[in-house]
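Just so it is clear, the structure is predicted and the values come from calculations on it, not from any experiment. Values reported hereafter were calculated over all heavy atoms of this structure, with side chains retained and with hydrogens, waters and symmetry mates removed.
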Amino acid sequence: MVRTTSHAPNHQVYWLDDVGPAPEFSGDLPASTDVLIVGSGYTGLNAAIETARGGRSTLVLDADDPGYGCSTRNGGQISTSIKPTLEKLTAKFGEQKARAIRGEGSSALSWIEDFVRGEEIDCDFRNVGRFHAAHTPESYETLARDTEKLRSQEGIESFVVPRDEQKKELGTNTYHGGVVFTKHCSLHPAKYHRGLLRLADEAGARILGNCRVTAIERTVKGFNVITEKGRVKARDVIVATNGYTTNLTPWQQRRVIPIGSYIIATEELPEALVDELFPTDRIASDTFKVLYYYRASPDRRRILFGGRVSAAETDPKISGPLLYESMCRIFPQLKGREVTHSWAGTVAYSFDELPHAGTHDGVHYAMGYCGSGVSMASYLGMRTGQKVLGKAEGKTAFEDLPFPTRPLYTGKPWFLPAAVAWYRWMDTRQYRRAVNG
């Protein structure tokens, strides 16, 4: 029997239901450390694993509980991460640099699979592929052309799915065909994060939550790092705050745009219904400018549906019903099914839509993953750790890229509501035109 939609879903993160209480990471601050990392998400923990295994005393600090941010709040979708095309990057940086940048996305995707399997992290990692759906016939034609370019120019494995074969991939008539990227993967974000916490702890890194860093002062021999719980001397500092970057590091804050992303989880569904909606178990996304992303849960008992549903930042209590409406437009079969969880996380975009990693004023950083951070945050965290250790392989193609900002921008994206509203209007206009012929 189909129940009516719940108007009071749990506003906790669905992923955390599966992992139990977080391990305790508390204690006194050390007087000094070789490496101090600000942020305990994928970037910070992968950097910590690298430096601690490399023999450096390593301290990871977080303003909240370890993993509070988007590392346990994302959709668990893994792609090649780089949004600008080879053509756009070539026009800007030349072909050699463009290929190196694009190649880092493929490297990150390959690396995270090897890492998860090699470290035996139990996080439901799967090579499922992604179905990227076209919201109009024109976007389908563009996807088909771009897919051929990706195959011929970059060797990216993919294939086109016309609309009359779409239901082999996704149980909906809403779209106009799409493309499958066969190498894209999925995982359970919170289980992955818990695995990273375990590895960092076993490597000897100290992890302290609820210890906000309030200032980073450069000295002759390194840094004085001031926190709410005291002061620590550090030889090296890594800032790994991405969507939660603050005026602690104003230079970085001016270069990343924090954007809320919202997700809902349905009640447990009949097996046959999940099989109808996601027959191949692929992750999915679409070509709307303000895109949606969705998947079956790892146990294939629920549907997880995410996207941005408001021009301005909002509350999961508000975003949940709006996401539900969009989900039911794509999957009418879900009308009347309950939503049990509704939550949000903050990602960070950059003005050039590229990730960035480097050093500014002696402080190492990696951030700006533009909503595709599961593999890239992990990969660049690892590379940043290697860089701190003095390893040549720590340098990436992002190292010497300009990290742009805009005049008058200080970290609060006043322009975002207008931009999102414009894109949503365009999406709706194109979609209605496609529906009405």
Considering residues, nucleotides and ligands other than [X], do more than 12 of their heavy atoms fall under 6.0 Å from its [atom1]?
X: Arg300; atom1: CZ; answer: yes
X: Arg212; atom1: CZ; answer: no
X: Trp422; atom1: CH2; answer: no
X: Gln96; atom1: CD; answer: no

Side-chain donor/acceptor of [X] to backbone N/O of [Y], under 3.5 Å:
X: Arg255; Y: Phe403; answer: yes
X: Gln166; Y: Thr172; answer: yes
X: Arg308; Y: Gly260; answer: yes
X: Asn242; Y: Gly368; answer: yes
X: Thr72; Y: Gly67; answer: yes
X: Arg73; Y: Tyr262; answer: no
X: Tyr244; Y: Thr346; answer: yes
X: Thr405; Y: Arg254; answer: yes
X: Glu267; Y: Glu338; answer: yes
X: Gln252; Y: Val239; answer: no

Within the 3.5 Å criterion, strictly below it, is a donor on [X] or [Y] matched to an acceptor on the partner's side chain?
X: Lys387; Y: Thr359; value: yes
X: Tyr293; Y: Ser261; value: yes
X: Asp62; Y: Asn210; value: no
X: Ser326; Y: Tyr292; value: yes
X: Gln253; Y: Thr245; value: no
X: Ser372; Y: Lys83; value: yes
X: Ser158; Y: Thr147; value: no
X: Thr174; Y: Arg329; value: no
X: Thr287; Y: His135; value: yes

(Q) Enumerate the salt bridge (Lys or Arg N to Asp or Glu O under 4.0 Å) contacts for residues 97-111, please, sequence neighbours excluded, ordered by first and then second residue. (A)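 Listed once each, the pairs are Glu95-Arg99, Lys97-Asp400, Arg102-Glu154.
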Q. Does Tyr192 have its ring centroid less than 6.0 Å away from the ring centroid of Tyr42?
A.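 Yes, ring centres under 6.0 Å apart.
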Q. Are Phe131 and Phe278 an aromatic pair by the rule of ring centers under 6.0 Å?
A.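 No, the ring of Phe131 stays outside the 6.0 Å limit from the ring of Phe278, centre to centre.
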Could you tell me how the ring of [X] sits relative to the ring of [Y]: parallel (under 30°), tilted (30 to 60°) or perpendicular (over 60°)?
X: Phe415; Y: Tyr409; value: tilted
X: His132; Y: Phe181; value: tilted
X: Trp343; Y: His341; value: perpendicular

Q: Answer whether the closest heavy-atom distance between the side chains of Leu354 and Leu89 falls below 4.5 Å.
A: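 In contact.
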Q.
Contact between Leu45 and Ile207 at the side-chain level, heavy atoms closer than 4.5 Å - yes or no?
A.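 When only atoms from C-beta onward are counted, Ile207 and Leu45 do touch, with a gap below 4.5 Å.
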Salt-bridged, [X] to [Y], with N to O below 4.0 Å?
X: Arg194; Y: Asp122; value: no
X: Glu148; Y: Arg151; value: yes
X: Glu119; Y: Arg53; value: yes

Q) Who are the side-chain hydrogen bond (donor to acceptor under 3.5 Å, both in side chains) partners of Asp124, not counting sequence neighbours? A)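 If we apply the side-chain hydrogen bond (donor to acceptor under 3.5 Å, both in side chains) test to Asp124, skipping adjacent residues, the hits are Lys191.
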**Q.** Leu187 CG to Glu113 CD distance, which is reported to the nearest 0.5 Å
**A.**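 The CG atom of Leu187 sits 11.0 Å away from the CD atom of Glu113.
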Q: Apply side chain to side chain donor-acceptor pair (under 3.5 Å) to the pair Ser81 and Ser375, showing each step before the final yes or no.
A: CA-CA 7 Å; Ser81 304; Ser375 59; 3.2 Å; yes
Q. So Phe331 and Phe305, ring-ring contact (aromatic ring centres under 6.0 Å, His included) or not? Walk me through it.
A. CA-CA 11 Å; Phe331 299 116; Phe305 189 92; 7.1 Å; no
